[in-house]
Structure formats: structure tokens, C-alpha cells
Amino acid sequence: MTIALRRIIFLVLLLIAWDLGYRIFNWGWKFPSPQQTFQAFYDGFTEGPLWGAIVASLRRLLISFAISIALGTTLGFLFARYRFLDQTFGFLVVALQTVPSIAWLPFAIIWFGLNDTAVIFITTIGATWTMSMASRTGIMNISPIHLRAARMMGAGNGFRMFYQVMVPAAFPHLMTGIRVAWAFAWRALVAGELVARGVGLGQMLQDSRDIGDTATILCIVIVIAIIGTLSDHLCFKRLEDRIMLRFGNIK
């Protein structure tokens, strides 16, 4: 039995158990039935603002994710190369990593207002620290022999050494950081959109909660899970396999 077939069977059994649970325990409006959820999907994509919310959220997410990858990788390189920065600012980053990004929301609202900039700020904060720690670990685990060999071959100690030697050598850790940062960015994005103005999945969650529309709430949760799963398997996992194969880390 293939993995795809097993997953399909599992989903079918899950739908059956879901429907039975709704009928037996009489959940009512507190948790929707499969039929109500499918209807919310249909209405959201054909008549409602679901497409617009997905596009708006993805736009904010991609902007924030690109910023966090650039900042996180740069910080990780600096922490790995300069002990003073690692022992000072690096220590602070470890502490900041434990703070939920939503805790910065009041500052974001004060500084930027209830707009896209505040949401992008929160989302960037949510992913940057994780990426910086992953890139720091990856660069620090590079063998000194490889670095000395690269210097002897003319790579130097600057930007050329960074992007030609360090980034490929640290890629397994960088890829792990990217995948975790993507998940953290999603969490921060939805949390920020819950209070921000405008169109977005988080705002749809808030609006649906206000009117008790649990079918739309579950629909949005499923949409977020599907986008996250597809992006990981179709983008990050494939990119990881190709680059790992390119640099001889897997067969």
C-alpha cells in the first residue's frame, strides 16, 4: 500500500468519524459538520472573500519571510564569525526567541497603526530569530579544514567566502531554519491579522468568530494547514533534496 493511498484512507476514516461525532454528540453550532464545512468552502471560494483573503495574507507573509531570511542569515553569519557579537547580541537573540511574536503587537500598533506594516513587522519578528539561530549553528559546524582550503584557493574572508563556501556548507541547518521559520511566520501572521484592519485570513477568523460562524472558522484553519503543507512538500522539501544532492550530502 502506497503512502498516498494510506493518507487517502486515513482522511476518509477521519471524515466518517467527524460526521459520526457531530451526529452522536450533537455539537450544533459549536463545531461544524463536514457538510457545513464543505459548504463554507464552496461559498468562500465562489461568493465570499476567501480568495482575496488568501492573496492578501500570502503577500504579507512572503514579504515578511523574505525579510526574515535575509536578516536571520546575516545575523547568524555575524554571530558565528565574531565572538563578541555572539556573546552579547547573540545572547539577546536567544532570549528574544522565547518571546511570542504576538507580545510585540502592542508596540507594532503604537509604532505603525492597525495596518499592513504592523502585521509584516510582527510576522518578521516571528521568523527572524529562529532563522538567525539556525544559520549560526550551521556556519559554526563547518569544518575549519574546509574554510582553510577555501582561503588557499582564493575565497578570502569576505562576501565571496560567505556565499560560495559557508552558505552551501551550512545548507542542511539553513534549510531546517527556513522550514521552521515558515511555520513561525504563519503563526505570527494570523495572530497579527486578528486585530489588524483590511482583508486577510486572520481578519476573516475574527469576523467569523464575532458572528459565531464556526464552519468558516474551521474552513480558514484548514486552508492555512493546506497552504503550509503544500508549500513545505512542494517547495522547501524539493529544494532541500535538490541542493543536498547537488552538494553531495544525499544520494
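Scope of the values below: all heavy atoms of this structure, side chains included, with no hydrogens, waters or symmetry mates.
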Nearest heavy-atom neighbours spanning [X] and [Y]:
X: L61; Y: A185; value: CD1-CB, 3.6 Å
X: A80; Y: M140; value: CB-CG, 3.6 Å
X: S101; Y: A188; value: OG-CB, 3.2 Å
X: W104; Y: L96; value: CZ2-CD2, 3.8 Å
X: L194; Y: G202; value: CD2-O, 3.3 Å

Between W111 and F121, is a ring-ring contact (aromatic ring centres under 6.0 Å, His included) present by the stated rule, with each step listed?
CA-CA 10 Å; W111 295 339; F121 173 78; 5.7 Å; yes

Is there side-chain contact between [X] and [Y], with at least one heavy-atom pair below 4.5 Å?
X: L75; Y: F89; result: yes
X: R60; Y: T123; result: no
X: D86; Y: F91; result: no
X: M131; Y: V180; result: no
X: F112; Y: V119; result: no
X: V93; Y: R136; result: no
X: F77; Y: T73; result: no
X: T124; Y: F65; result: no

Identify every side-chain donor-acceptor pair in residues 217-229 under 3.5 Å, counting partners at least two apart or on other chains, and give the distances.
unit_1	atom_1	unit_2	atom_2	d
T229	OG1	A225	O	2.8

For the atom pair [atom1] ([X]) and [atom2] ([Y]), what is the distance rounded to the nearest 0.5 Å?
X: I120; Y: L189; atom1: CD1; atom2: CG; answer: 9.5 Å
X: I54; Y: M204; atom1: CD1; atom2: CE; answer: 8.5 Å
X: L92; Y: L85; atom1: CG; atom2: CG; answer: 12.0 Å
X: Q97; Y: T128; atom1: CD; atom2: OG1; answer: 11.0 Å
X: L205; Y: D210; atom1: CG; atom2: CG; answer: 11.0 Å
X: D213; Y: D43; atom1: CG; atom2: CG; answer: 9.5 Å

Would a single hydrophobic cluster contain both [Y] and [X], if residues Ile, Leu, Val, Met, Phe, Trp and Tyr are joined by side-chain heavy-atom contacts under 4.5 Å?
X: F38; Y: L50; answer: yes
X: L11; Y: L5; answer: no
X: L78; Y: I142; answer: yes
X: L71; Y: I63; answer: yes
X: Y42; Y: L15; answer: no

Please work out which of the three classes, parallel, tilted or perpendicular, describes the rings of W27 and F31, given edges at 30° and 60°.
perpendicular

Derivation and outcome, side chain to side chain contact (heavy atoms under 4.5 Å, CB included), residues T98 and W129:
CA-CA 9 Å; T98 63; W129 310 138; over 6 Å; no

Is it the case that more than 12 heavy atoms not belonging to W186 sit under 6.0 Å from its CH2 atom?
yes

Kindly check if the number of other-residue, nucleotide or ligand heavy atoms within 6.0 Å of CD1 (I145) is above 12?
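Open: at most 12 neighbouring heavy atoms sit under 6.0 Å from CD1 of I145.
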
Under 3.5 Å, side chain of [X] to main-chain N/O of [Y], donor-acceptor pair present?
X: S135; Y: S132; value: yes
X: N115; Y: A118; value: yes
X: S57; Y: L201; value: yes
X: Q36; Y: A215; value: no
X: T214; Y: W29; value: yes

Assess R7 against F10: is NZ or CZ under 6.0 Å from the centre of the six-membered ring, and within 45 degrees of the ring's axis?
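No.
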
With distance as the sole criterion, is a donor-acceptor pair present between the side chains of S231 and W182 under 3.5 Å?
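The answer is yes; a qualifying pair exists.
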
